[in-house]
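This report concerns only the one structure given below.
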2 protein chains.
Amino acid sequence: MRKPKTRKNPEMDKPARVTMMDIAAAAGCSQAAVSFVLNDTPGTRISQQTRDRVLEAARALGYMGTSYTMKASYSGLDNVIGFAVDQLATSPEAIVAIEGARQASWNTGNVLLVTQTLGDPVMEPKAIKALTNGGISALIYMTIYTREVKLPSYVCELNIPTVLLNCYTADHAFPAVVPSEIAGGQSSTRHLITHGHHRIGTITGEIWMQAAQDRLTGYRRALATADIPFDPELVVEGDWSAGAGYSATMQLLALQEPPTAIFCQNDRTAVGCYEALKDAGLRIPQDMSVVGYDDEEISRHLVPALTTSVLPHLAMGQWAIEHLNLQTMPGKRYPITKLECSLVNRHSVAAPRAKARHIFDGAQAPR
Amino acid sequence: MRKPKTRKNPEMDKPARVTMMDIAAAAGCSQAAVSFVLNDTPGTRISQQTRDRVLEAARALGYMGTSYTMKASYSGLDNVIGFAVDQLATSPEAIVAIEGARQASWNTGNVLLVTQTLGDPVMEPKAIKALTNGGISALIYMTIYTREVKLPSYVCELNIPTVLLNCYTADHAFPAVVPSEIAGGQSSTRHLITHGHHRIGTITGEIWMQAAQDRLTGYRRALATADIPFDPELVVEGDWSAGAGYSATMQLLALQEPPTAIFCQNDRTAVGCYEALKDAGLRIPQDMSVVGYDDEEISRHLVPALTTSVLPHLAMGQWAIEHLNLQTMPGKRYPITKLECSLVNRHSVAAPRAKARHIFDGAQAPR
DNA sequence: GATAAATGCTAATATTAATTACCTAAACCG
DNA sequence: CGGTTTAGGTAATTAATATTAGCATTTATC
């Protein structure tokens, strides 16, 4: 609409707006059919094939409706960025990521619009649609648990820059950012190793979850790097809960050669671990070092304060905004970006007691 | 669009879509002028008056653009409710209120769209505009601190049902819901009184804040109800922080007749209070009973767990949704609804020690 | 295997919106 | 005071979209 001048030179019309005619030509049907499909006009019969071809063409050509509505939508408004997350209330990470995204977008005068999907197959499309109604210029799609997602087709059809936060698709069709859990598990374990620990237990989360596997992988890598042999006895499967942390710790303490440090793969597990150690009459960190993961609120209030790793959700939110303008080329593939979980050093780690190490060393021989 | 049949019977056209012609007629200008205004077409000259008249008429008539864009937008979509809050990340209350609102709206198939305003005069209008662009059917306007707000004119002009959450306007032009802080302060204090305490200290927040004043008022009312005289010595002004809680507690302990119980007007203050009591060698609740306020995460992790009052943000969120359909009649006035802060009983309150009470009773006489 | 009914679509047409090309009255101006 | 700007529009035109009517096909139906 800016400079169409369609009248003057019929040869020059190419760069004008995309119309239903163009879509019709591309999809091999009539303008009317396009109108039916795009409006979902009730009472008309269009085959799924044609419907798909039209939507496909509309997306490919970047159809944008009448210019009025779009222009008016944007008037006096910078860009609006949509942020869809499956859960908002269950954990603070979503909030932190949103805050990071907000900060980054604020800087460029963009506004963030947030909605929850709850992974509900009925509500999610509605939520996304509500988001796109106002004409968002980009979408961030976040999940609360790190995992692979299958992006619903209506998200792909949006034809706007999209970034995945804390999740990724198998086809790598969108830029994605997740925490570097492997590196996190590795640095947590290395932290213990550099404090002189050689026998380090770990309590995992539910092992089918990506995060649990990755943290365990990091644990093994750190061990391998330090040439400490991996002992399966020292790995106890938990389920992220304090209760599991308690019994897992008891299990580790019952070992013939108990560890001198425990890497709890989340903070709640560490809470249970603290309880168990207290009940066993062991002091932290003198008798047993503990590290957690996630840097939940509670980790600061435990006594002694828990050394743990912060999930980089703030940085992930910022990253997402900053990488929005990487155009989503159809067919292009993006690597998954991983952001570091940095260790925050508090008071739950110390060198193993000389005595304990002595006993341990001595125990080696008789065996 | 559903049943326009504009052709058949020219008399029956009334319920058809609102077009630019209608707006032009209402505004007393041409369709072209309407187009210019609505599109903000550059290079055209329209007086501010005409511009206003057009916008006014467009709003009044509920102009919705070409049907393509809107129909497609709305298809398969129930109502969308906008939720504007000044801050999302600083405290968990906003999240809780959103969760309440989400639950309530989910039930009726509505979708919630959330945005942050940060009270920023530049961004707030943009954020609200982003919200309304998609055609929200109602708005919830929340502040993180309970306070009076002046609703910006663009909110009033939205002409959609609006509810204020945790804030209110002086003119009572919108339904509003806030926590009943007075009742909360009263029941906290009464809780201590029913446990046998007569000499109850309180540590306030920053006293210029509504919440601090109300909680103090509740404290005085509970005292009055129980015929306990108010002693200004027992009221120490804090600032919601743990640090202030610590020194305020010390101040209370230094009193000639120290209290047997302390009502900390928020949980963080109580954290400082716990510290101070520990340092003074006093046990909770045997030597001193403590109640907090807000039911923050930390209150559950303190030892002993803190008896405190939950802010009813979940209920407030639900209330807001449920009271959205109370039409906003121009000129109508709505009372401010207050929702109860219920006390959650944990382990920081006990009866005053017989000995302490004895000393106290004895001390009365000599005075 | 003829007939009816439904499907899938298009041509033609109606409606709506955007744009160009003026027009008019007041303000300006030497 | 006559000419020239210019703000503030309108009418007419054109582009784009929505809708109606119907036309081939295919798919039951008897």
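Numbers restart at 1 for each chain; the letters A, B, ... are given by sequence-line order, proteins then strands.
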Separation of C/dC9 atom P from A/Arg51 atom CZ, nearest Å, is 9 Å
Among the nucleotides C/dA11, D/dA11, C/dA17, whichever has the atom closest to the side chain of B/Ser30 is D/dA11
Whole-Å distance, B/Asp52 CG to D/dG8 P, equals 13 Å
Q.
Ignoring hydrogens and geometry beyond distance, is the side chain of A/Gln31 in donor-acceptor contact with the base of C/dA11 at under 3.5 Å?
A. no
Q. Would one find a side-chain N or O of B/Ser47 under 4.0 angstrom from OP1 or OP2 of D/dG9?
A. yes
From the candidates D/dA11, C/dA11, C/dA18, the one with an atom nearest any side-chain atom of B/Ser35 is C/dA18
Rounded to whole Å, the CD-C1' distance (A/Gln49 to D/dT26) equals 14 Å
Testing C/dA17, C/dT10, C/dT20 for proximity to the side chain of B/Phe36, the answer is C/dT20
To the nearest angstrom, the CE-P distance between B/Met20 and D/dA11 comes to 16 Å
A/Ile46 atom CD1 is separated from D/dT19 atom C1', nearest whole Å, by 13 Å
Whole-Å distance, B/Arg45 CZ to D/dT10 C1', equals 13 Å
Across all chains, not counting sequence neighbours, the side-chain contact (heavy atoms from CB on, under 4.5 Å) partners of A/Ala32 are A/Ser30, A/Phe36
- Query: Is there a side chain to side chain contact (heavy atoms under 4.5 Å, CB included) between B/Leu88 and B/Ile95 once you walk through the steps?
  - Reply: CA-CA 7 Å; B/Leu88 204 51; B/Ile95 307 302; 4.0 Å; yes
In terms of heavy-atom contacts, B/Trp106 and A/Gln116 come closest through CH2-O, 3.4 Å
ask   = Just to confirm, is there a sub-4.0 Å distance from OP1 or OP2 of D/dG8 to any side-chain nitrogen or oxygen of B/Thr50?
value = no
B/Gln48 CD to D/dG8 C1', in whole Å, measures 13 Å
*A/Thr117 and A/Asp86: side chain donor to acceptor below 3.5 Å*: no
